[in-house]
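Everything on this sheet refers to the single structure shown next.
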Amino acid sequence: MNERVVITGFGIVSSLGFDLRTYWDALLLGRSAIQPWQPKGITDFPVKYAASVADEAFARAFSDLPELRAPMERRTRFGMAAAARALQDASLVGAGSAGTVLGVAMGSGVPERCPEDMFLALGPEEGPCWRRWFTRRESRSLAHRHGNDHLSASIARHHRCTGPVLNLNTACAGAAHALGLSFRALRRGEAECMLAGGADSVLNILTMGALLLLGAPSTSEDHGDRLCRPFDLQRSGLVAAEGAAVAVLERERHARTRGARVYAEVCGYGSSLDAYRITAPHPEGAGAALAMRGALTDAGLRPDEVDYINAHGTSTPLNDKSETLAIKTVFAEGDHFQRLLVSSTKSQIGHMIAAAGAPEFIATAMALHTGMVPATINLDTPDPECALDYVPHRPRDASPRTAISNSFGFGGINACLALRRFIGWSA
Amino acid sequence: MIGAPVYLVSTALRCSAGNSVEDLWSDLKEGRRRLVEPPFPLPDDWPWQRAFRASEPSADELGIDRKQLRTMDSQARHALITARHAFAGAPTSTSISGAQIGLFMGIPAVDEPAPPWSLLEAMHQRPPCLTTEIVLSETPPFAGLSLLNSSACAHISNTLRLTGPTAAFSPFADAGLQALVEGALAISEGECEAALAGAVAPTLTPLRTLQHEHHGWHKMPTRIPGEGAAFTVLSRTSDTPRPVRIQGYARGFVPSDRPEALRVLLGRCLEQAGIRASEVGWCLGPCSSPESQAAFRAVGVDLDRCMEGACHACGELGPAEPVANVLLSYHGLRRGERLQVTAHGVESRPLSTRHALVTASGPEGQYAALLLAAGHP
């Protein structure tokens, strides 16, 4: 029989906070992490707003973690910090060394493209040289740490993990896939605990330039720090963010034996593909609906048992409309979609790309744990084509019992996680 | 923990040896290495001057229009053509489609050389500085799709109309085997009826050669970079007379300072498959290091039955390498034949048991093992 999987720890690195309490309080207070942004040394980049992590504040908040002193990519630094805090929060520091079968699954995105590195390729007189670039970067002990495996491997090595170590690479659904596959691995007994989540940092001119050419980020200057406005008529594109979030998922028996505090239970996971277009989601959200149905089936939940949806809600014209249609399709019976609460955490923290599903998973679990559903801020002029209860402006005391968290990656790669309020150990 | 049987019902391979596992088998057996000059100059002191390239498929071969072709990088094209062939080879008697078929992939790091060479040249032609104008003019319009990387997965799902469960792993050899493991688990646990699972190698770029140098692979004859892709269709059922199925797996973390973890992991794989080490007739994957050999010896796997596999004939294929090895195992189990590296080259031997083991590891310690069996349970 499959064992229940519970959530016993969280770690977060976001521009809204570097610990669970600060992050959650900021979400409930309706704060926005989005600020004016330009790539380093640039003043005319068309994307004017983002949610970046302040280096000094980050260094202060994690000064107790010696593992962060080694040179590493920004996303790896964020992920290592979040993983350490998640283990502390779960009272599992040193568990790997003590024999707990601990695994890691992380969604990570684009290898860091540090503009300063570009200059390393240039010699004093001759033209650019690959070998010079690589050799110089290597001498800074960074080169071999640019792989997508380094994030999860660094966490695994530091915490003496022996379970599965997975590097998910599914664009904006990466962290959700990592959480979902971790849930499955625990349920079938491949590990006792998993550190699962994501870390990403795209806020450099090279990566943002490439995303800009795809038309993904908003270039609007109309709304200032209220630029990210999912489901609003004036939404204009995603607002990029950087950061990381990691959850400790644990088999019930293991958590119970050690008397762990439980935030919520993970009870289902579904994934799907749109099979539509490489640059646009399915207009009716068919793929998104499949992922949601998959998670509900996996959890043994009826649609009308779901109280809250933490939406992908990117603030792009196409996603928000198609996600709304998908929700209406999945929760059509008895017009349950009219009773559901739906909110977008991205309205406050921006879009962490490959990591995005992880801070949203935390928000979903905390909604179940505390009873408070976080709001969709900046929803001033609801789009008539997005007519659901998006919990506008203020959080709501709604005591949800079950919730799902959506993540949809570019190209139509979807994931959905189902969570349940923890009401006690199995009999 | 592969509860219900999961069979390999179709395979497809694209590499320097050709476009089928038979081609690869033949090149291995004959000792052929189809090395060609890479598409960029190499330093004179480089240990190798040629590499293994796979032919680039055209838009017609891919079954897409030229507009879509522009949105694909080279590795996405290799992945799509190979996935198409695997899919086309699957039995058509079943009526499954769409959401009943999953897609699980191992994908390398970003295909685009980073930074783009043209960008560096543009920077050099003026005082070294990076401006918005330079970045936006020199970045290819669809580079963002390559950066997001899983777009290779999206191209396959769009073309083959697959809407089932999915995951994509990155970037080294273990990622390819993880894709097969998750595909098999998705079927075994009832999430889908079949799954297209496989991986693609990174395209040859100057950056890749330098990464090889960094890992010390450039001095190893079996680590010369290769291009290609390998896919299989996994299914709950198989009506072929000589079916091959996935009987067990294990995955974990084996960092360099804990080589003993490999022995535990291999033991777990055999235990899950319910067989003794002596029943492993062929083992493909990394087996040349003293640590690997010690682990194989400790669990009782005969080292004479171990070889690195596809890389002897088509080079280092990144995530696609273990998938190519799975296809070789499939071929060998069906023929009752295996290959062995001897002092005289690669030689053919009878495969005396019904089981083959494929292993894969990433340079940082991610490790996966997959046990294949001939016949029905």
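Chain naming here is simple, since letters A, B, ... match the order of the sequence lines and numbering starts at 1 in each.
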Using non-hydrogen atoms only, which part of [X] is less than 4.5 Å away from chain A: side chain, backbone, both, or neither?
X: Leu265(B); value: neither
X: Ile107(B); value: side chain
X: Phe169(B); value: both
X: Ala167(B); value: both
X: Ala168(B); value: both

Hey, which of [options] has the most heavy atom pairs under 4.5 Å with chain B?
options: Ala185(A), Ala156(A), Gly107(A), Gly409(A); value: Ala156(A)
options: Ala286(A), Ser272(A), Gly411(A), Ala216(A); value: Ser272(A)
options: Cys161(A), Ser152(A), Gly294(A), Ala415(A); value: Cys161(A)
options: Asn414(A), Val101(A), Leu166(A); value: Leu166(A)

Take Glu182(B) and Arg184(A), measure what salt bridge (charged side-chain N to carboxylate O under 4.0 Å, His left out) needs, and give me the verdict at the end.
CA-CA 10 Å; Glu182(B) 286 296 341; Arg184(A) 293 268 177 84; over 6 Å; no
Residue-level interface, residues 169-178 of chain A with chain B, non-hydrogen cut-off under 4.5 Å:
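If one takes a 4.5 Å heavy-atom cut-off, the residues of residues 169-178 of chain A near chain B are Asn169(A), Thr170(A), Ala171(A), His177(A).
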Any sub-3.5 Å donor-acceptor pair from [X]'s side-chain atoms to [Y]'s backbone N or O?
X: Glu364(B); Y: Asp149(A); value: no
X: Arg251(B); Y: Gly163(A); value: no
X: Asn167(A); Y: Ser170(B); value: yes

Extract all donor-acceptor atom pairs below 3.5 Å that involve side chains of residues 64-72 of chain B and protein atoms in other chains or at least two apart in sequence.
| residue | atom | partner | partner atom | Å |
| --- | --- | --- | --- | --- |
| Asp65(B) | OD1 | Lys67(B) | N | 3.2 |
| Asp65(B) | OD1 | Gln68(B) | N | 2.7 |
| Thr71(B) | OG1 | Gln68(B) | O | 2.6 |

If we ignore angles and hydrogens, is there a donor and acceptor under 3.5 Å between the side chains of Glu191(B) and Tyr269(A)?
no
Answer with yes or no whether the side chains of Thr132(B) and Asp44(A) bring together a donor and an acceptor at under 3.5 Å.
yes
Could you pull out the closest heavy-atom pair between Pro141(B) and Leu214(A), with the gap in Å?
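For Pro141(B) versus Leu214(A), the nearest heavy atoms are O-CD2, 3.9 Å.
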Minimum heavy-atom distance Ala275(A)-Ser157(B), with the two atoms named:
CB-O, 3.3 Å
With sequence neighbours excluded, what pairs up with Phe253(B) under the ring-ring contact (aromatic ring centres under 6.0 Å, His included) test?
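ring-ring contact (aromatic ring centres under 6.0 Å, His included) check on Phe253(B) returns nothing, list empty.
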From [atom1] ([X]) to [atom2] ([Y]), nearest 0.5 Å:
X: Thr139(B); Y: Leu212(A); atom1: OG1; atom2: CG; answer: 9.5 Å
X: Asp274(A); Y: Leu162(B); atom1: CG; atom2: CG; answer: 12.5 Å
X: Glu190(A); Y: Leu185(B); atom1: CD; atom2: CG; answer: 6.5 Å
X: Leu130(B); Y: Ile42(A); atom1: CG; atom2: CD1; answer: 5.5 Å
X: Leu168(A); Y: Gln178(B); atom1: CG; atom2: CD; answer: 9.5 Å
X: Arg188(A); Y: Ser188(B); atom1: CZ; atom2: OG; answer: 8.0 Å

Counting heavy-atom pairs closer than 4.5 Å to chain A, which one of [options] comes out on top?
options: Gln272(B), His155(B), Arg268(B); answer: His155(B)
options: Pro171(B), Cys153(B), Ala154(B); answer: Pro171(B)
options: Pro363(B), Gly164(B), Ser151(B); answer: Gly164(B)

Is chain B contacted by the side chain of [X], its backbone, both, or neither, given a heavy-atom distance below 4.5 Å?
X: Ile278(A); value: both
X: Tyr276(A); value: backbone
X: Thr207(A); value: both
X: Arg277(A); value: backbone

Could you list the residues that satisfy side-chain contact (heavy atoms from CB on, under 4.5 Å) with Ala99(B), not counting sequence neighbours?
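Result, side-chain contact (heavy atoms from CB on, under 4.5 Å) vs Ala99(B): Leu290(A), Thr163(B).
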Please assess Asp257(B) against Arg160(A) for the test salt bridge (charged side-chain N to carboxylate O under 4.0 Å, His left out), listing each intermediate value before the final yes or no.
CA-CA 11 Å; Asp257(B) 64 338; Arg160(A) 310 285 291 176; 3.4 Å; yes
Is any side-chain heavy atom of Leu273(A) less than 4.5 Å from a side-chain heavy atom of Pro165(B)?
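Of all side-chain heavy-atom pairs linking Pro165(B) with Leu273(A), none is under 4.5 Å.
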My understanding is that only one of Thr131(B), Val135(B), Leu136(B) makes a side-chain contact (heavy atoms from CB on, under 4.5 Å) with Ile205(A); could you say which?
Val135(B)
Report the C-alpha distance between Val165(A) and Tyr367(B) in whole Å, list the side-chain angles of each, state the deciding distance to 0.1 Å, and finish with yes or no for side-chain contact (heavy atoms from CB on, under 4.5 Å).
CA-CA 8 Å; Val165(A) 177; Tyr367(B) 206 99; over 6 Å; no
